[in-house]
Novice: 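There's a structure below that I have some questions on.
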Amino acid sequence: MIDFKKEVAQLISNQVSELTIEEINDMLERPVDSKMGDYAFPCFKLAKSLRKAPNIIAMELGEKLKGCELFSEVESVNAYVNFFIEKKAFIKASLSEVVRMDGKFGSSTIGENRKVIVEFSSPNIAKPFHIGHIRSTVIGNSIYKLFDFLGYDTVRINHLGDYGTQFGKMIVAYRKWGNKEDVEKAPIKTLLEYYVKFHEEVEAHPELEDMARDVFTLLENGSEEEMELWKWFKDVSLKEFKRVYDILGIEFDSYAGESFYSDKMGKVIDIIKDRNLLVESEGAMIVDLEAFNLPPALIMKKDGSTLYLTRDIAAAVYRKETYDFYKNIYVVASQQNLHFQQLMKVIDLMGFDWSNQCVHIPFGLVSLEDGTMSTRSGRVVYLEDVLNRAIAQTKEIIIEKDVNTENIEITAKQVGIGAVIFQELSNGRIKDYVFSWDKVLNFEGETGPYVQYTYARAASVLRNSKEDLDKLVVKLNDIENIDFNFIESDAAYSLVKLIYRFPEVIIEAANRYEPSILTRHLVDIAQAFNRFYHDEHILVANEEEKKAKLLLVYAAKISLHNGLMLLGIAAPERM
RNA sequence: GGGCUCAUAGCUCAGCUGGAUAGAGCAGCGGCUUUCUAAGCCGCGUGUCGGGGGUUCGAAUCCCUCUGGGCUCACCA
């Protein structure tokens, strides 16, 4: 595809020797108002070296650049030189690209032969999968899809919280107050009750803590009875988690959680020792990070058992050895910023030059209207409930609107789940937010259903065109014979512009690990499409006009489809 | 107290590595369906961009400082 920005930079570069083409490219911007042009070059920086007023420079430069074929107009306004791309060339370049990519529009091979690991979701065994977990799950899934679409080899890892003293507590609690049937009926809910009770009882009976620690030590040493219970807890929990993943359509390549690394820490500790990093402090073994303005990293407890950080170091080393990753991405809450700073610093000090290939992608906290979520106090909104309620509401709307859809169940699921995921990916990751039923169940405006609806509209137009879709695309392939005059209106042209930018938006979203950039762009495309759809009639009698417009609809439809897919959202053909 | 982070319209938020009059959605009011899906489209905004300094031709954007919220700081994960 023609990179129009580069073309502009080249033109200017021919006239301006003071700046390199890269510098010019960086300086080029898109004017706030498209009436001012497609690209703008500000001349302020040249004022010093040319010893002229910026507006004079702009005027002179503008004169020299007039009359080149890719640009219909070059205009100087104040200190800016504004470029208007020749519309037909632009439309042709944009839409040819969509057709050429044959459904894969927006994808790339820039990541070829590079392995990217995305660790995400990572819930704790025997704890509820609540609304707080949606962030890592959905953001991580989208980041995975973005990298996958850009050609990277990807590995999705669910780093389960399946290890630690908490399981000592759980086993003690189960033995004291539990019974098998209850757990089998509602595993996580019941196990959580035991866990809560443990914390209540421990106030009056502090010896329970010691029991829990002892039991965990037994578990760590592979004691059969404890292992069996732990395995059971894990199995029933995973079954519940998978139910949620199925609804969301999310899969993992590996469920290697914390316990997976329990036998891989000795080696890591040896390296730390060999490097003279391990020092004793208050009975525990630490790596002193004071020189880096960080609190000490605890490697080993007084009693010799390891900690979360130790396991994460082992996990990183294991992953490097196993996958030889180009990037090792952790989609984990911002609460753990310090943890990851320490993790990466220790890896660095251990002499691994790949420590900077590990990247923590933090996100903000979800709280409830009555405060922070707390599993121990039972103040929690289950993710599964949110999803089911969104599906139920969608079903009501479908029935009320009497939508022509083959299968209400499937459509309701696609739209309901889409609404929840889209809402989650709408804003910047780092922001904290308060969960609100009103918000997730609102389907108007900048929402998932709005984008899906737009997609369904486009699909409907193509259906109604009475053209066989496959044949249509082949026909459209004949780009030379399409008269782009018919899609030069403001409404059509602004849609083309957004479609043109779609591939670069995907790259930016991946580079910044920020799916919301894509989410926002999809809303823009949907808005532009709806305006076009409303203002102009597509299935007109004139065959030439119809052909041009259908090509645009087709391009919009593919963009929306691929965009939604990258967010982990289905694109329904009817709704 | 130290570190990290956030603060933009009534509410929820965009605003890319500084650039031309700061933008959406929601809520509110008013329009638009003999025409391809009204989950739609169009119109209506007097914002100390938290306050104060600084850098710059130019700052919501970069630096400093203050205020306010969130997270976090040794044997949990």
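Please read these numbers as outputs of a predicted model, since none were measured by experiment. Reminder, nothing fancy here: chain letters follow the sequence lines and each chain counts from 1.
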Novice: Please state the C1' separation for the pair B:A14 and B:A77 - nearest whole angstrom.
Specialist: 34 Å
Novice: Go through B:A14, B:C41, B:C57 for me and flag the one nearest to the A:Lys45 side chain.
Specialist: B:C57
Novice: If I take atom CG in residue A:Leu307 and atom P in nucleotide B:A77, what distance separates them, rounded to the nearest angstrom?
Specialist: 6 Å
Novice: Under 4.0 Å between a side-chain N or O of A:Lys546 and OP1 or OP2 of B:C36?
Specialist: no
Novice: Can you check the distance between B:G31 and B:A38, where both ends of the measurement are the C1' atom (answer in whole Å)?
Specialist: 14 Å
Novice: Out of B:A39, B:A14, B:G25, which has the shortest distance to the side chain of A:Asn427?
Specialist: B:A14
Novice: Quantified in whole Å, what is the P atom distance between nucleotide B:G69 and nucleotide B:U8?
Specialist: 15 Å
Novice: Hey, does A:Glu504 reach any base, or is it just sugar-phosphate, or nothing, if we go heavy atoms under 4.0 Å?
Specialist: nothing
Novice: Counting heavy atoms from C-beta on, name the nucleotide in B:A20, B:C57, B:A38 closest to the side chain of A:Tyr533.
Specialist: B:A38
Novice: What nucleic acid atoms does A:Gly161 come within less than 4.0 Å of, heavy atoms only: base, sugar-phosphate, or nothing?
Specialist: nothing
Novice: Indicate, with a heavy-atom threshold strictly under 4.0 Å, whether A:Ala47 touches base, sugar-phosphate, or nothing.
Specialist: nothing
Novice: A:Arg135 CZ to B:G70 P: how many Å, rounded?
Specialist: 17 Å
Novice: Is the glycosidic angle of B:U56 within 90° of 0, making it syn, or outside that range, making it anti?
Specialist: anti
Novice: Are A:Lys345 and A:Phe292 in a cation-pi setup, meaning NZ or CZ lies under 6.0 angstrom from the ring centre and within 45 degrees of the ring axis?
Specialist: yes
Novice: Rounded off to whole Å, could you give me the NE2-to-P distance for the A:His339 and B:C71 pair?
Specialist: 19 Å
Novice: Applying a 4.0 Å non-hydrogen cut-off, can you work out what A:Lys48 is touching in the nucleic acid: base, sugar-phosphate, or nothing?
Specialist: sugar-phosphate
Novice: Decide if atom CG of A:Asp210 counts as having more than 12 heavy atoms of other residues, nucleotides or ligands within a radius under 6.0 Å.
Specialist: yes
Novice: Return whichever of A:Met27 or A:Gln341 has its heavy-atom-nearest nucleotide of RNA chain B closer to the 5' end.
Specialist: A:Gln341
Novice: Do side-chain atoms of A:Ser237 reach the backbone of A:Ala126 as a donor and acceptor pair under 3.5 angstrom?
Specialist: yes
Novice: Can you say whether a donor on the side chain of A:Asn82 sits under 3.5 Å from an acceptor on the base of B:A20, or the other way round?
Specialist: yes
Novice: Within 45° of the six-membered ring axis of A:Phe260 and under 6.0 Å from that ring's centre, is NZ or CZ of A:Lys264 located there?
Specialist: yes
Novice: Which of the following nucleotides, B:A77, B:A74, B:U37, is nearest to the side chain of A:Ser281?
Specialist: B:A74
Novice: Taking atom P in both B:G1 and B:U61, compute the distance separating them and give it to the nearest angstrom.
Specialist: 26 Å
Novice: Describe the nucleic acid contact of A:Asn124 in one word from base, sugar-phosphate, nothing, applying a heavy-atom distance below 4.0 Å.
Specialist: sugar-phosphate
Novice: Is there a stack between A:His537 and B:U35, judged by ring centres under 5.5 Å and planes under 30°?
Specialist: no
Novice: With a cut-off of less than 4.0 Å, is there a side-chain N or O of A:Asn530 near OP1 or OP2 of B:C41?
Specialist: yes
Novice: Measure NZ/A:Lys549 against C1'/B:U35 and give the value in whole Å, please.
Specialist: 12 Å
Novice: Name the closest nucleotide to the A:Tyr450 side chain, picking from B:A39, B:A77, B:C41.
Specialist: B:C41
Novice: Could you give the CZ-to-P distance, from A:Arg531 to B:C36, as a whole number of Å?
Specialist: 21 Å
Novice: Check the angle between the aromatic planes of A:Phe340 and A:Tyr330 and answer parallel, tilted or perpendicular using the 30° and 60° thresholds.
Specialist: tilted
Novice: Taking B:G15 as the reference, what is the distance to B:A20 when you measure between their C1' atoms (whole Å, please)?
Specialist: 16 Å
Novice: Tell me the interatomic distance from A:Leu338, atom CG, to B:U72, atom P, rounded to whole angstroms.
Specialist: 11 Å
Novice: In whole Å, measure the gap between the P atoms of B:G23 and B:G43 for me.
Specialist: 14 Å
Novice: B:U72 C1' sits how many Å from A:His360 NE2, rounded?
Specialist: 12 Å
Novice: Apply the ring-ring contact (aromatic ring centres under 6.0 Å, His included) test between A:Phe4 and each candidate in A:Tyr500, A:Phe84, A:Phe83; give the one that qualifies.
Specialist: A:Tyr500
Novice: With rounding to whole Å, what would you report as the distance between B:A59 and B:C49 at their C1' atoms?
Specialist: 11 Å
Novice: When the P atoms of B:U55 and B:U48 are considered, how many whole Å apart are they?
Specialist: 26 Å
Novice: Considering the options A:Ser262, A:Ser122, A:Ser259, which one meets the side-chain hydrogen bond (donor to acceptor under 3.5 Å, both in side chains) requirement together with A:Asp162?
Specialist: A:Ser259
Novice: In whole Å, what is the span from the NZ atom of A:Lys35 to the C1' atom of B:U21?
Specialist: 13 Å
Novice: Categorize A:Tyr308 for me: base, sugar-phosphate, or nothing, with a 4.0 angstrom heavy-atom threshold over every strand shown.
Specialist: base
